[in-house]
Amino acid sequence: ARFSNDGGATWAESVIPGVSVCSGGVYQRSTDPWVSFSPDGVVHQLALSFNDLEAPFEEFDFDHALLASRSLDGGASWTTPVVVRRDTAPTVFNDKQTITADPTDADLVYGIWDRLEFPPSERASIVASFRAAAFKGPAWFARSTNGGVSWEPAREIYDPGTIAQTIGNQIVVAPDGDLVNIFNLRKITQG
């Protein structure tokens, strides 16, 4: 990561620990990082960490997690990541996550993403599922009520039905405190 303390005139490098093997973690890759600033100046990040797929497939190949970290110094250093959601099944993949720090309450932080779910089958192939349209892609949500120190269990909040998915989910906090999830709905047509 990079951070600036002078409005973007200069930038310095910062390593987010534990999100990949390169930064002391267990996952081979980390991607799609997203950041959000809370009103007390804490920076929150949420990244997708996963392993590359290699035959013969083992549980290790399907292990992936959404990892949240906090920076108390504007991005110069980061806390050890907290697992927001982890899965090892070859029939699911959490993707395109975003994080939103509540602009009115530094204790509240929200994570949201699409979860691609493929039909279970003894013949299912994770590689084939990535090349085909997702069976469905509901929106999943998790929240922290203590400024990102820990997270409540993640849960599905919207199911678009079969052969459809949400993508680009992002939480916006309305002036009255209501949460609004903005996303694109993709219906896959056959034929």
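Side chains included, hydrogens not; waters and symmetry mates left out as well; all remaining heavy atoms used.
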Return the CH2 to CZ distance between Trp11 and Phe3, rounded to the nearest 0.5 Å.
10.0 Å
State yes or no: do Ile16 and Phe37 share one hydrophobic cluster built from I, L, V, M, F, W and Y residues joined by side-chain heavy-atom distances below 4.5 Å, directly or via other members?
yes
Grab the two heavy atoms, one from Ser71 and one from Ser77, that are nearest each other, plus how far apart they are.
OG-O, 2.7 Å
Donor-acceptor pair, side chain of Thr166 and main chain of Gly137, under 3.5 angstrom
yes
Which heavy atom of Ser144 sits nearest a heavy atom of Ser150, and at what distance?
OG-O, 2.8 Å
Of the non-hydrogen atoms in Gly148 and Val82, which two are nearest, and what is the gap between them?
O-CG2, 4.3 Å
Dump the intermediate steps for side-chain contact (heavy atoms from CB on, under 4.5 Å) on Trp113 and Lys96, then the final yes or no.
CA-CA 6 Å; Trp113 59 94; Lys96 302 295 185 263; 5.9 Å; no
Among the clusters formed by ILVMFWY side chains lying less than 4.5 Å apart, do Val42 and Val173 turn up in the same one?
no
Tell me the closest heavy-atom pair linking Thr31 and Gln97, and the distance in Å.
O-NE2, 3.6 Å
Any chance you could measure Leu48, atom CG, to Arg85, atom CZ, to the nearest 0.5 Å?
13.0 Å
Looking only at side chains, do Asn94 and Asp87 share a donor and an acceptor under 3.5 Å apart?
yes
Check whether Ser14 reaches the backbone of Ala76 with its side chain - one donor and one acceptor, N or O, closer than 3.5 Å.
yes
May I ask you to decide if Trp78's main-chain N or O and Gln45's side chain share a donor-acceptor pair within less than 3.5 Å?
no
Quick check: does any side chain N or O of Ser20 sit under 3.5 Å from a backbone N or O of Ser30, one acting as donor and the other as acceptor?
no
Taking it one step at a time, do Val172 and Ile182 satisfy side-chain contact (heavy atoms from CB on, under 4.5 Å)?
CA-CA 7 Å; Val172 175; Ile182 300 168; 3.6 Å; yes
Ser49 (side chain) donor-acceptor with Val19 (main chain) under 3.5 angstrom
yes
Identify whether Tyr110 and Trp34 are in the same connected component of the hydrophobic contact network (ILVMFWY, side-chain heavy atoms under 4.5 Å).
no
Stepwise side-chain contact (heavy atoms from CB on, under 4.5 Å) check, Asp159 with Lys136:
CA-CA 8 Å; Asp159 181 354; Lys136 70 178 189 172; 3.0 Å; yes
Inter-residue atom distance Ile112.CD1 - Ile171.CD1, 0.5 Å rounding
4.0 Å
What I'd like to find out is whether the side chain of Arg70 reaches to under 4.5 Å of the side chain of Val149, using heavy atoms alone.
yes
Can you tell me how far apart CG (Asp114) and CG (Leu185) are? Round to the nearest 0.5 Å.
11.5 Å
Exercise: identify the closest heavy-atom pair between Val43 and Gly75
CG2-N, 4.3 Å
Residue pair Lys187 / Pro160: nearest heavy atoms and the distance that separates them:
NZ-O, 3.4 Å
Determine whether a donor-acceptor pair (N or O, by modelled atom type, separation under 3.5 Å) exists between the side chain of Ser23 and the backbone of Gly18.
yes
For the pair Phe50 and Phe93, name the ring-plane relationship: parallel under 30°, tilted 30 to 60°, perpendicular over 60°.
perpendicular
Is it true that Val26 and Val83 fall in one hydrophobic cluster, defined by side-chain heavy atoms closer than 4.5 Å?
yes
Do Val109 and Arg143 pass the side-chain contact (heavy atoms from CB on, under 4.5 Å) test, and can you show the C-alpha distance, the side-chain angles, and the key distance before you say yes or no?
CA-CA 6 Å; Val109 186; Arg143 147 183 110 149; over 6 Å; no
Hydrophobic clusters here meaning ILVMFWY residues chained together by side-chain heavy-atom distances under 4.5 Å, can you tell me if Tyr158 and Leu116 are in one?
no
Side chains of Asn181 and Asn169: do they bring a donor and an acceptor to under 3.5 Å?
yes
Pro39 versus Pro103: any side-chain heavy-atom pair under 4.5 Å?
no
Rounded to the nearest 0.5 Å, how far apart are CG of Asp176 and CG of Asp178?
4.0 Å
Flag for Asp63-Tyr27: side-chain donor and acceptor within less than 3.5 Å
yes
Taking atom types as modelled, find out whether Gln170 and Thr98 have a side-chain donor-acceptor pair closer than 3.5 angstrom.
no
When you measure from the centre of the six-membered ring of Trp140, is the NZ or CZ of Arg115 under 6.0 Å away and within 45° of the axis?
yes
Output for pair (His64 NE2, Gln28 CD), nearest 0.5 Å, gives 14.5 Å
